[in-house]
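Below you'll find the structure, written out as structure tokens, and then a few comments.
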Amino acid sequence: MNSITLIAVTLTLAVIFLAGLRERLINIPRWFANPPSSFELIRQQAPAAMRFWIPVQIIFIVTLIAAFVVNWEIRDVRLMLIFGTAAFFVVIALTGIYYVKEIMAFSKMPPDAPVTDELLKRAHRWYSTTVSRNIIQGIALLFFILATIKYFQS
């Protein structure tokens with residue numbers, strides 16, 4: 001059961017990481033191509049995104065809890081899980097505090113809203129800093145991979 005939970009949580013986080021990377025490389029450039037008219041794409045893609053992100057996050061949390069429960073006694077595995085979870089929750093905190101709030105505001109703008117310097121600065125800030133979430137998710141994934149490796153080495 002130990003290895004199954006570690007593999008499941010690692011694979012789930014890999015899906016989250018790869019989907020986030022795909023979104024960063026393919027969807028997000030389109031969203032910010034010509035603000036505010038391109039923000040309409042955010043609104044159009046939101047329902048499908050929610051149908052994907054909510055279940056995959058729930059699966060991650062459930063497998064994470066299971067991995068902690070069955071591997072708690074293995075010190076090296078537990079430490080890697082703790083570090084990976086901390087990194088993951090940094091992403092969740094950043095997303096909740098800033099990224100979701102801004103993307104919701106962008107998605108509610110009418111496509112024909114005036115293009116202002118302030119809007120362009122906000123859009124550029126969001127677009128350019130969102131890569132930090134991918135990097136931190138990648139670090140979290142690395143810790144989960146290391147936890148799995150540590151388990152098989154013990």
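Position 1 is the first residue of the sequence, and the numbers go up from there.
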Treating Ile, Leu, Val, Met, Phe, Trp and Tyr as nodes and any side-chain heavy-atom pair under 4.5 angstrom as an edge, say whether [X] and [Y] lie in one connected cluster.
X	Y	value
Leu18	Ile92	yes
Leu41	Tyr127	yes
Trp53	Tyr99	no
Leu25	Phe17	yes

Given Thr130 and Arg24, is the side chain to side chain donor-acceptor pair (under 3.5 Å) satisfied, shown in steps?
CA-CA 8 Å; Thr130 193; Arg24 171 78 172 104; 5.4 Å; no

Side-chain contact test, heavy atoms from C-beta onward, threshold under 4.5 Å: evaluate it for [X] versus [Y] and give yes or no.
X	Y	value
His124	Lys121	no
Asp76	Tyr151	no
Leu120	Thr116	no
Ile42	Ile103	yes

Is a donor on one side and an acceptor on the other found under 3.5 Å between the side chain of Arg78 and the backbone of Trp72?
yes

Keeping the roles fixed (side chain from Thr12, backbone from Phe60), state whether a donor-acceptor pair exists under 3.5 Å.
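No, the answer is negative, given that no donor and acceptor are paired below the 3.5 Å cut-off.
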
Taking the six-membered ring for Trp and the full ring for Phe, Tyr or His, determine whether the centres of Trp126 and Phe32 are under 6.0 Å apart.
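Ring-ring flag for Trp126/Phe32: true, centres closer than 6.0 Å.
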
Among Asn71, Thr63, Thr148, Thr10, exactly one meets side chain to side chain donor-acceptor pair (under 3.5 Å) together with Thr5. Which residue is that?
Asn71

